[in-house]
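Notes follow once the structure below has been shown.
Because only heavy atoms are used, hydrogens play no part in the values below, and waters and symmetry mates are left out as well, while side chains stay in. Just so you know, ligand 1 is whichever comes first in the structure, and atom 1 is the first atom listed for that ligand.
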Amino acid sequence: VAKEKGRGNFQFYNETMRLETERKHLVQQHLHLAIEAGEFSLVFQPQVNTQGDVIGAEALLRWHNAELGMVAPDEFIPLAEETGLIHKLGKWVFESSMETLVRFQEANNIHPDFKLAINVSSKQFRNLNIVSEVEHAIVSRGLSPNNVQIEITESLLIDNKDIAVRSMLKLQSLGVSIAIDDFGTGYSSLAYIANLPIDKLKIDRSFITDLHLKSTNRKLVDTLVNMSKSLHLEVIAEGVENKQERDVLIDLGCSQFQGYLFSRPVPADKLIKDFLA
Ligand code: C2E
Ligand code: MG
Ligand code: MG
Ligand code: MG
């Protein structure tokens with residue numbers, strides 16, 4: 001019986017793997033035509049302070065393909081990294097984010113320190129032109145680098161540290177600020193982070209979920225907030241979904257938030273109409 005069951009599982013496993021590979025090939029085929037086909041768009045999620053003022057927004061990439069429907073970034077970003085398409089895609093993200101930042105800056109109610117945050121994956125730092133591409137996208141539109149932030153994950157600092165740090169320093173000297181995304185999920189300690197050119201920590205959503213119910217998460221977030229303050233880093237909580245979570249964060253001294261409680265990621269027009277007009 002055990003043998004039969006084992007064999008059954010083995011076949012099932014193979015079938016799953018075969019389907020995954022098929023899906024990957026299909027997605028990859030469409031992916032390399034998607035920029036030219038105009039299938040990408042950006043949505044923007046506001047970041048707020050304790051008064052509820054919108055002090056920034058994060059640009060998040062969306063891909064709609066006629067055959068595949070919506071494909072999530074968690075699926076296509078790794079594929080774009082594997083094929084090298086991430087460089088072209090990252091450039092597209094930067095250019096269209098800056099086009100949108102021009103429109104945000106023209107809105108009536110824009111915060112003077114508003115920052116538009118762009119996700120940059122570790123592979124993109126292998127492109128030695130990244131800093132000049134970023135600078136060009138900002139300066140050619142008459143925008144200020146002070147209104148631009150880059151989000152990178154901790155893994156970048158492990159895979160690719162020397163090149164990445166050099167680019168980060170150049171970006172900072174332009175006036176672009178740097179946030180560590182999904183903080184707490186990687187392997188780096190705050191002591192390690194302390195020596196890097198960064199401005200802000202984004203506490204990962206997994207620590208924020210049910211924060212009011214989970215004393216372990218409360219202790220962790222308390223530690224992260226206190227240590228980021230002693231390192232003079234800004235700190236923001238991501239994935240804030242309800243008022244109870246926000247209230248604990250305020251208690252712990254965290255004063256910037258992003259999450260469904262305030263807004264889902266929305267098209268630029270809607271963000272302007274609802275928050276900046
Ligand atoms: P991330 O940068 O950590 O982005 C936050 C993710 O959490 C987004 O998912 C956002 O829609 C989601 N989120 C925000 N608030 C809440 C909340 O309250 N509850 C829950 N459950 N989720 C929330 P999304 O848009 O699917 O993006 C996933 C990841 O894909 C991003 O994680 C980022 O790592 C990557 N990504 C997205 N856009 C880009 C891009 O333009 N370039 C690169 N390199 N990566 C990107
Ligand atoms: Mg991010
Ligand atoms: Mg994140
Ligand atoms: Mg993430």
* R141 and E95 ion-paired at < 4.0 Å -> yes
In terms of its nearest heavy atom to atom 30 (O) of ligand 1, the top option of A179, P73, G259, A80 is P73
Does any N, O or S atom of E238, backbone or side chain, fall under 2.8 Å from the Mg ion (ligand 2)? no
ask   = Taking the inter-plane angle between the rings of F262 and F257 on a 0 to 90° scale, is it parallel (under 30°), tilted (30 to 60°) or perpendicular (over 60°)?
value = parallel
| query | Ion pair present between K202 and E238, side-chain N to carboxylate O less than 4.0 angstrom? | reply | yes
A student checking ligand 1 against D181 at a 4.0 Å heavy-atom cut-off should list atoms 1 (P), 2 (O), 3 (O)
The answer for which part of P265 has a heavy atom under 4.0 Å from ligand 1 is side chain
Counting from 1 in the order shown, the ligand 1 atoms closer than 4.0 Å to a non-hydrogen atom of E241 are 17 (C), 18 (O), 19 (N), 20 (C), 21 (N)
Presence of salt bridge, E15 and R18, under 4.0 angstrom: yes
- Query: Any Lys/Arg nitrogen of K24 or E20 sitting under 4.0 Å from an Asp/Glu carboxylate oxygen of the other?
  - Reply: no
Any heavy atom of E58 under 4.0 Å from ligand 1? The part involved is side chain
Ligand 1 to Q45, heavy atom cutoff 4.0 Å, flagged ligand atoms 14 (C), 15 (N)
ask   = Within the structure, does I77 bring an N/O atom to less than 3.5 angstrom of an N/O atom in ligand 1?
value = no
One finds that the ligand 1 atoms under 4.0 Å from a non-hydrogen atom of Q124 are 44 (N)
Any heavy atom of N119 under 4.0 Å from ligand 1? The part involved is both
Of all N, O or S atoms in D182, the one closest to the Mg ion (ligand 3) is OD1
Among E151, K202, R264, R205, closest by heavy atom to atom 7 (O) of ligand 1 is R205
Paired with Q45, the side-chain hydrogen bond (donor to acceptor under 3.5 Å, both in side chains) test is passed by just one of R264, E58, Q258, namely Q258
Quick note on ligand 1: atoms under 4.0 Å from a heavy atom of G239 include exactly 16 (C), 17 (C), 18 (O)
Passes side-chain contact (heavy atoms from CB on, under 4.5 Å), I35 versus K88? Steps please. CA-CA 8 Å; I35 297 181; K88 213 168 144 195; 4.0 Å; yes
Quick check: does any side chain N or O of N65 sit under 3.5 Å from a backbone N or O of L68, one acting as donor and the other as acceptor? yes
If we number the atoms of ligand 1 from 1 as shown, the ones under 4.0 Å from a heavy atom of S121 are 44 (N)
min-distance N/O/S atom, E151 vs the Mg ion (ligand 2), resolves to OE1
The atom of E58 among N, O or S that is nearest the Mg ion (ligand 2) is OE2
| said: I'd like to know: is the Mg ion (ligand 2) within the 2.8 Å range of an N/O/S atom from D181, strictly under that distance? | reply: yes
Any F94 side-chain heavy atom under 4.5 Å of I150 side chain: yes
Taking only non-hydrogen atoms of V93 and a 4.0 Å limit, the atoms of ligand 1 in range are 41 (O)
Test: R205 and D182 ion pair at under 4.0 Å
no
Check: N49 side chain, D53 main-chain N or O, donor-acceptor pair, under 3.5 Å: yes
A student checking ligand 1 against E238 at a 4.0 Å heavy-atom cut-off should list atoms 3 (O)
Of V240, D74, D182, the residue with the heavy atom nearest atom 3 (O) of ligand 1 is D182
**Request:** Identify whether the distance between the nearest side-chain nitrogen and carboxylate oxygen of K123 and E82 falls below 4.0 Å.
**Result:** no
